[in-house]
Amino acid sequence: MISPSSRRLWVVMLLLVVVSEQKCIFDEVQAQATVVRAVLTEPRLLQTTDHRSRRASAIRRRNLGNLGKKAPLNPASPQPIRIRTWIAKESSNLLEDEKERIEAAVEEAVKVVSSLLSVSRVQGPLLLSRDVNKYCKFLWRNSSTANFNRCGRANISYRSETCLEVTIPDDHLAGCDVYLDANSPQRTELRPDGAGLSDTDFLLYLNIQSTDKCRAEPNVLAYAAHCRTDAVGRPVAGVVVICRDRLTEANYRHQAAVQTVIHELFHVLGFSKELFNTWMDCSQAGCSPRGKVTHSDGSGQTRIYTPSIISALQRHLQSTDPELGGPLENQDAAPGTTSSHWESRVLQGSIMAAVLGDSDTVRIDLVTLAALQDTGWYTVDLSRAQSLVWGDGEGASFGSLQTCQNKSSAFFCSGSGVGCHFLHLHKGECQTDEYLEGCRVHKPLKNGSECWKKENSVSSPEEELSGEIFGFDSRCFFSSLAKQKQSQFLSPSSSVNGRCYRHRCTGPNRYQIQVSGSEWIDCPTGGSIQVKGFWGSVSCPDRRLCLFSDVTPPSDYINTLPALITIDETSTSAQTLAWLLGTTSAASLCFLAAVVGSYRKCCSHRIRIQPAAQDHSNL
Ligand SMILES: *[C@@H]1O[C@H](CO)[C@@H](O)[C@H](O)[C@H]1NC(C)=O
Ligand SMILES: *[C@@H]1O[C@H](CO)[C@@H](O)[C@H](O)[C@H]1NC(C)=O
Ligand SMILES: [Zn+2]
């Protein structure tokens with residue numbers, strides 16, 4: 001029944017493989033970075049006659065007040081984190097369009113992160129500590145002396161401070177002193193305090209270069225490390241290296257760059273194996289160290305056991321298992337060590353998985369936000385998490401090797417055919433990757449994969465045969481439909497493939513579909529339907545469509561509003577209302593878009609209506 005020409009097309013589609021995925025080498029990089037923790041000391045005594053220094057000491061005292069014991073004991077109400085970006089002087093001279101791309105991506109990423117995380121803000125200008133091991137030849141080590149742990153002799157070859165190969169400007173650094181005698185307050189100022197950075201809680205150095213690491217790893221767009229923490233361990237400065245070559249590539253995608261920067265920011269702000277065991281418990285008055293939070297669960301999976309993560313995962317998997325810690329990737333960690341990514345079999349699609357797939361499928365999920373909350377350094381707006389969908393309600397063992405091998409979960413696939421990505425926005429090819437340990441999942445095709453893009457329709461005989469419709473309200477369905485022809489007397493046994501059909505919601509987890517030339521037909525979730533004029537059937541996925549109001553095509557792609565919604569008179573549950581609000585109100589769309597990262601465009605102008613002719617392939 002498939003004509004020779006459509007068969008050829010079919011082969012081409014299979015060869016298009018998946019989107020080039022972003023890989024993260026954070027752990028390798030962070031291991032090479034020196035981290036300096038601010039020390040809790042009394043402010044320097046005002047003994048010098050140098051007035052510059054006196055002013056600086058006053059500034060430092062304010063900083064210590066914030067960084068030190070006082071802040072956590074009497075926390076000021078948390079405010080959105082102020083992330084200041086600073087282009088390192090090591091950065092290449094960028095062309096205008098490279099600059100525009102990177103500025104747009106970083107600005108949007110910073111906006112998203114600061115809309116999610118709040119901190120007790122730094123009072124006064126932020127000054128980074130100098131590394132005593134660099135400027136100092138030796139420290140006073142006798143704990144009964146007045147200058148215990150202070151610098152005794154200057155290192156004469158001391159020049160500057162770095163943050164992962166970025167030279168920190170002196171202006172950003174606190175001063176340092178040398179005490180020539182173990183007991184005398186007499187000191188020599190080695191370097192004065194810099195002016196610091198006002199209105200800054202985190203300083204992000206951007207180093208835009210083509211580094212050796214960029215050249216060695218063609219799938220790396222950016223990598224990062226934190227290099228300074230305050231006295232309670234909260235990171236206050238870090239570097240994101242952005243691989244310059246990626247900025248000019250034809251397949252550069254703004255949303256993918258935004259997500260990569262958010263991912264790296266989450267690492268440097270606390271989602272890092274170097275920091276897991278320095279997280280604080282701030283649930284009581286004041287904060288105390290959580291101690292070691294990562295443990296093996298007995299099956300060889302390292303997990304983070306902290307309260308918000310556990311309850312987020314319990315909620316997500318609908319399990320009451322108290323041992324449900326946040327599972328960490330075991331494929332990018334040496335044996336016996338930990339990774340700074342979620343296990344991708346369990347949290348596929350999370351912004352903190354080791355691989356970021358197609359940007360329309362990456363989610364800032366509840367478990368990730370819970371992890372940032374459990375650092376103790378941030379107050380996180382958990383209500384703004386995006387539905388992960390992957391693994392939703394599948395129980396505590398979801399994502400274990402067994403659940404994918406014995407195919408007990410519909411989230412995993414076998415073979416290599418074309419089906420649907422689990423969000424049903426895209427067709428997907430059943431594939432594995434280096435993190436899935438042989439488990440296979442449907443990953444979006446390299447191009448032409450989005451059902452919601454009208455321009456993906458190629459009007460091929462095969463498309464026509466299967467009744468496909470591409471467009472904003474189309475989604476992917478497993479289908480074996482084949483148009484009946486008068487010349488055919490036997491039903492051809494068509495194989496099941498991912499196909500794009502229109503859908504419209506009639507309630508939570510209830511919807512109708514429309515195939516080319518057909519009426520709207522109720523699609524009973526978990527069942528399948530036949531369509532008049534077609535051989536074969538279409539499966540109606542359960543708990544994937546019309547349930548998560550934030551699973552939509554990118555909001556700035558909207559060129560037609562979703563299909564008319566029919567309200568079922570009998571269902572008046574709160575869920576229906578919430579769902580209706582979620583799908584119809586501009587305010588909600590705006591809110592969702594803010595998390596997705598289209599904040600900039602959407603929230604200032606409500607929904608931006610795109611002219612239909614515009615090319616959206618750059619989203
Ligand atoms: C440490 O300092 C105290 C007070 O200055 C002194 O009495 C003691 O002998 C010192 N101890 C050592 C081991 O140098
Ligand atoms: C996919 O991309 C390739 C190369 O960019 C292009 O030649 C091909 O026509 C595209 N296919 C579809 C279905 O858009
Ligand atoms: Zn990473």
Side-chain angles (χ1 to χ4, degrees), residues 20-33 35 105-106 109 112-113 138-150 152-153 164 179-186 204 206-207 211 213-214 216-227 235 238-243 246 256-276 294 302 304 326-334 337-357 359 361-365 367-369 371-372 375 433-436:
S20 66
E21 293 177 317
Q22 294 289 334
K23 204 180 145 187
C24 182
I25 54 169
F26 173 79
D27 282 336
E28 177 195 326
V29 172
Q30 182 64 62
Q32 293 160 5
V35 178
V106 171
V112 170
V113 171
F138 76 79
L139 304 179
W140 296 114
R141 280 303 185 197
N142 181 338
S143 59
S144 359
T145 59
N147 291 330
F148 173 55
N149 261 350
R150 285 179 172 157
R153 293 287 179 277
L164 197 71
Y179 294 79
L180 291 172
D181 185 273
N183 277 305
S184 159
Q186 203 67 43
L204 180 67
L206 291 175
N207 186 7
T211 62
K213 282 195 179 66
C214 295
E217 297 269 4
N219 286 335
V220 169
L221 172 72
Y223 55 91
H226 76 275
C227 58
V239 173
V240 171
V241 179
I242 291 163
C243 297
R246 306 293 118 76
V258 171
Q259 287 167 350
T260 304
V261 176
I262 294 174
H263 175 102
E264 300 301 333
L265 265 171
F266 282 171
H267 275 315
V268 297
L269 289 170
F271 198 98
S272 160
K273 67 172 181 180
E274 310 284 331
L275 292 167
F276 290 153
T294 52
T302 303
I304 307 180
L328 295 171
E329 186 57 67
N330 46 3
Q331 294 300 295
D332 61 354
T337 66
T338 306
S339 152
S340 303
H341 297 118
W342 294 129
E343 168 60 61
S344 71
R345 284 180 276 107
V346 181
L347 293 165
Q348 181 79 202
S350 163
I351 184 99
M352 291 318 289
V355 162
L356 294 187
S359 61
T361 67
V362 173
R363 318 290 292 167
I364 301 178
D365 59 292
V367 188
T368 297
L369 292 187
L372 291 162
T375 63
D433 64 35
E434 60 182 303
Y435 301 104
L436 286 169

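Whatever order the structure lists them in is the order used to number ligands and atoms, beginning at 1. Count residues from 1 along the sequence. Keep in mind that this is a model prediction, so the values were computed, not measured. Values reported hereafter were calculated over all heavy atoms of this structure, with side chains retained and with hydrogens, waters and symmetry mates removed.
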Inset, instruction - Determine if the distance from atom 9 (O) of ligand 1 to the closest protein heavy atom is below 4.0 Å. - result: no
Inset, instruction - Say whether, by atom type as modelled, one donor and one acceptor occur between the side chain of Ser272 and the main chain of Val268 under 3.5 angstrom. - result: no
Distance-only donor-acceptor check, side chains [X] and [Y], under 3.5 Å:
X	Y	result
His267	Gln30	no
Thr302	Thr294	no
Thr145	Asn183	no

Inset, instruction - Would you mind listing which atoms of ligand 1 come within a distance below 4.0 Å of any non-hydrogen atom of Thr145? - result: 2 (O), 5 (O)
Legend entry - Close-contact set for ligand 1 against Asn183 heavy atoms, below 4.0 Å: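 Atoms satisfying the 4.0 Å criterion: 5 (O).
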Inset, instruction - Evaluate the side-chain proximity of Cys214 to Tyr223: yes if any heavy-atom separation is below 4.5 Å, no if none is. - result: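 A side-chain contact under 4.5 Å exists here.
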Inset, instruction - Report the name of the N/O/S atom of His263 located nearest to the Zn ion (ligand 3). - result: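 The His263 atom nearest to the Zn ion (ligand 3), restricting to N, O or S, is NE2.
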Inset, instruction - Around atom 14 (O) of ligand 1, find the nearest protein heavy atom and jot down its residue, atom name and distance. - result: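 The protein heavy atom lying closest is Asn142 ND2, 3.4 Å.
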Legend entry - Metal-centred angle, NE2 of His267 through the Zn ion (ligand 3) to NE2 of His341, rounded to 10 degrees: 100°
